[in-house]
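Read the structure below first, then the notes.
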Amino acid sequence: MKNNIHIIEENESNVRYYCRRFAKEFAKAKMSKMFTADGAEYIDFFSGAGTLNYGHNNEYIVNKIIEYLKNDGIIHALDMYTSAKIDFIHKFQNKILIPRQYDYKMMFCGPSGTNANEAALKIVRKYTGRKNVIAFMGAFHGMTLGSIALTSSSFARRGAGVQLDNTIFIPYYGADIDSLKYLEMILEDDHSGIEKPAAIFLETVQGEGGVNVADYKWIAELYDICKKNQILLVCDEVQTGCGRVGTFFSFEKAGIQPDIVTLSKSISGCGLPMSLLLLKPEIDCLDAGEHNGTFRGNQLAFVGASAAIDYVIENDVWKKVLNNERYIKAYLEQEILSIDSKIQCRGRGMIWGIDFGGFEEKTCNEISKKCFENGVIIETSGRRGSVLKILPPLVINREELTAGLNVIKKTIEDSL
């Protein structure tokens, strides 16, 4: 075991991250559990940072991919017409968009969420003719140069190595000031010194920012401000989309239809790389090839994504998410908040955060490490890494969900 890990430590770049936090050689995974090469099992409360909403190796989805491969299905085809892409577009339109009365065109970007946000930046700037965009403090939109300019983390921004311009950051929902009043002030005041932006980029729940949850009324008011000022609203659904909050899109209950929606992570259904940008037809302004890429359309991911849509509808997964939301909320309120008055909890659907901001800076990181030692994979997020982020697969059964929460509870009690 140690020798195998040693091979990675000697040969892989210093930039590796998650393997440092979860330093075991993993060999297998099934639904909500991962298994090491020596057979130890771990409950997964990380889900590939939100990529595995439907679990590891979901049999329904994986079997569709295996069948496709056995029939010599095309694996790579750039953005050419393929049966796999046509099937996915047809299913996504008819089972996701049309029932919600959403009118979007679909753009397949490079295979990661950051590339979808890069494409969104190009679109909003070309369509409006404006350069500046607005993002929120606590935002995370990616690690490539355009997207990292929208990301507020000072650690992430330092890695760019160049000046990151054309983004104005404003406070998110729940800040000590009224962020929407502040937004209206800088838009209406001809002496604010801030030019009207092309777009506002929004996460309805800031995952990497510390599981900060925006109120639906606040989201709707933000949408109205954008409409009033001819500013495009881009909703980043990379982590919170695909059912994570109990609806396919996390903004649905706000009653809005953003101008652009970016999706990745769980859109492929099984952890395969894929990203998807949805945009209103009237702003589809990029010329042919203006945002290109060799892997704009992972054919196996299309097959998995089509299967995932059928799976969640047939198994009523979104209803289960809402049931688990109530269960997790009650557990945190009754079992975790009672441990110490300085602990705070917040979340929506099946993304929740336990906030240790009132403790020493190292506290949350140590709890995450001890949870791993006790059999639960769980990550930290937020300012100074002070938020323990609960992000299990949506398909986790109640027994495993409870077992994972019990490990967290005992670890917190022992640590504090």
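Not measured: the values here are computed from a predicted model.
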Residues that Glu208 engages under side chain to side chain donor-acceptor pair (under 3.5 Å), provided they are two or more places apart: Gln239, Lys389
Worked verdict on Arg398 versus Asn323 for side chain to side chain donor-acceptor pair (under 3.5 Å): CA-CA 10 Å; Arg398 184 58 59 84; Asn323 288 335; over 6 Å; no
Note: Glu361-Arg383 ion pair, threshold 4.0 Å (strictly below): no
Exceeds 12 heavy-atom contacts within 6.0 angstrom, atom NZ of Lys64: no
Charged tip of Arg348 within 45° of Trp318 ring normal and under 6.0 Å: no
Side chain proximity check, Leu279 to Leu277, heavy atoms < 4.5 angstrom: yes
Inter- and intrachain pairs under salt bridge (charged side-chain N to carboxylate O under 4.0 Å, His left out), touching residues 213-226, at least two apart: Lys217-Glu221
Side chain Asn57, main chain Ala29, donor-acceptor under 3.5 Å: yes
Residue pairs passing the salt bridge (charged side-chain N to carboxylate O under 4.0 Å, His left out) test where at least one lies in residues 164-175, sequence neighbours excluded: none
Aromatic plane relationship, Tyr311 with Tyr54 - under 30° parallel, 30 to 60° tilted, over 60° perpendicular: perpendicular
Pair Lys30 + Glu59: basic N to acidic O under 4.0 Å: yes
Polar side-chain atom of Glu252 near backbone of Thr247 as donor-acceptor pair, under 3.5 Å: no
Test item: Glu41 side-chain N/O and Met34 main-chain N/O as donor-acceptor pair under 3.5 Å: no
Sequence neighbours excluded, every pair satisfying salt bridge (charged side-chain N to carboxylate O under 4.0 Å, His left out) that has a member inside residues 300-321: Lys91-Asp310, Lys95-Asp310
Result of checking Ile354, Leu388, Leu332 against Ile343 for side chain to side chain contact (heavy atoms under 4.5 Å, CB included): Ile354
With Ser250, the side chain to side chain donor-acceptor pair (under 3.5 Å) member among Glu203, Glu237, Arg244: Glu237
Chi angles and distances behind the side-chain contact (heavy atoms from CB on, under 4.5 Å) call for Ile200, Leu222: CA-CA 9 Å; Ile200 296 176; Leu222 173 64; 4.0 Å; yes
Plane angle bin for Phe249 and Phe92 - parallel if under 30°, tilted between 30 and 60°, otherwise perpendicular: perpendicular
Verdict with supporting geometry, Asn212 and Gln206, side chain to side chain donor-acceptor pair (under 3.5 Å): CA-CA 5 Å; Asn212 303 310; Gln206 291 183 333; 2.9 Å; yes
Heavy-atom side-chain contact between Gln230 and Lys196 under 4.5 Å: yes
Donor on one side chain, acceptor on other, Thr82 and Gln299, under 3.5 Å: yes
Verdict with reasoning, Asp355 to Arg346, per salt bridge (Lys or Arg N to Asp or Glu O under 4.0 Å): CA-CA 8 Å; Asp355 193 334; Arg346 55 186 175 268; 2.9 Å; yes
Give every donor-acceptor pair under 3.5 Å between a side-chain atom in residues 367-375 and any protein atom, sequence neighbours left out.
unit_1: Ser368; atom_1: OG; unit_2: Ile378; atom_2: O; d: 2.7
unit_1: Asn374; atom_1: ND2; unit_2: Lys370; atom_2: O; d: 3.1
unit_1: Asn374; atom_1: ND2; unit_2: Thr411; atom_2: OG1; d: 3.1

Residues in ring-ring contact (aromatic ring centres under 6.0 Å, His included) contact with Tyr172, at least two apart in sequence or another chain: Phe136, Trp218
Verdict with supporting geometry, Ile260 and Leu278, side-chain contact (heavy atoms from CB on, under 4.5 Å): CA-CA 5 Å; Ile260 294 176; Leu278 307 176; over 6 Å; no
Mutual orientation of the aromatic rings belonging to Phe88 and Phe302 [parallel < 30°, tilted 30-60°, perpendicular > 60°]: parallel
Residues forming a salt bridge (charged side-chain N to carboxylate O under 4.0 Å, His left out) with Glu67, sequence neighbours excluded: none
Partners meeting ring-ring contact (aromatic ring centres under 6.0 Å, His included) with Tyr216 (sequence neighbours left out): none
Crowding at CD, Gln101 (>12 non-hydrogen neighbours, <6.0 Å): no
Pair Tyr42-Thr36, side chain to side chain donor-acceptor pair (under 3.5 Å): steps then yes or no: CA-CA 8 Å; Tyr42 290 79; Thr36 64; 6.0 Å; no
Evaluation steps, side chain to side chain donor-acceptor pair (under 3.5 Å), between Arg21 and Asn365: CA-CA 9 Å; Arg21 303 188 65 84; Asn365 189 51; 2.8 Å; yes
Salt bridge (charged side-chain N to carboxylate O under 4.0 Å, His left out): pairs with one or both residues in residues 103-116, sequence neighbours excluded: Lys105-Asp284
Check against side-chain contact (heavy atoms from CB on, under 4.5 Å), Ile412 and Phe356: CA-CA 10 Å; Ile412 294 172; Phe356 296 93; 3.6 Å; yes
Glu399 atom CD, neighbour heavy-atom count above 12 within 6.0 Å: no
Audit row: Leu300, Tyr68, side-chain contact (heavy atoms from CB on, under 4.5 Å) steps and yes/no: CA-CA 8 Å; Leu300 297 183; Tyr68 177 81; 3.6 Å; yes
Partner of Ile134 under side chain to side chain contact (heavy atoms under 4.5 Å, CB included), chosen from Leu183, Ile194, Leu202, Leu150: Leu183
Residue list, salt bridge (charged side-chain N to carboxylate O under 4.0 Å, His left out) with Glu195, at least two apart or on another chain: none
Residues which pass ring-ring contact (aromatic ring centres under 6.0 Å, His included) with His76, listed by chain and number, not counting sequence neighbours: Phe295
side-chain hydrogen bond (donor to acceptor under 3.5 Å, both in side chains) contacts in which one or both residues fall within residues 256-268, not counting sequence neighbours: Asn53-Ser266, Asn117-Thr262, Lys227-Asp259
Heavy-atom neighbours of Glu360 CD exceed 12 at 6.0 Å: no
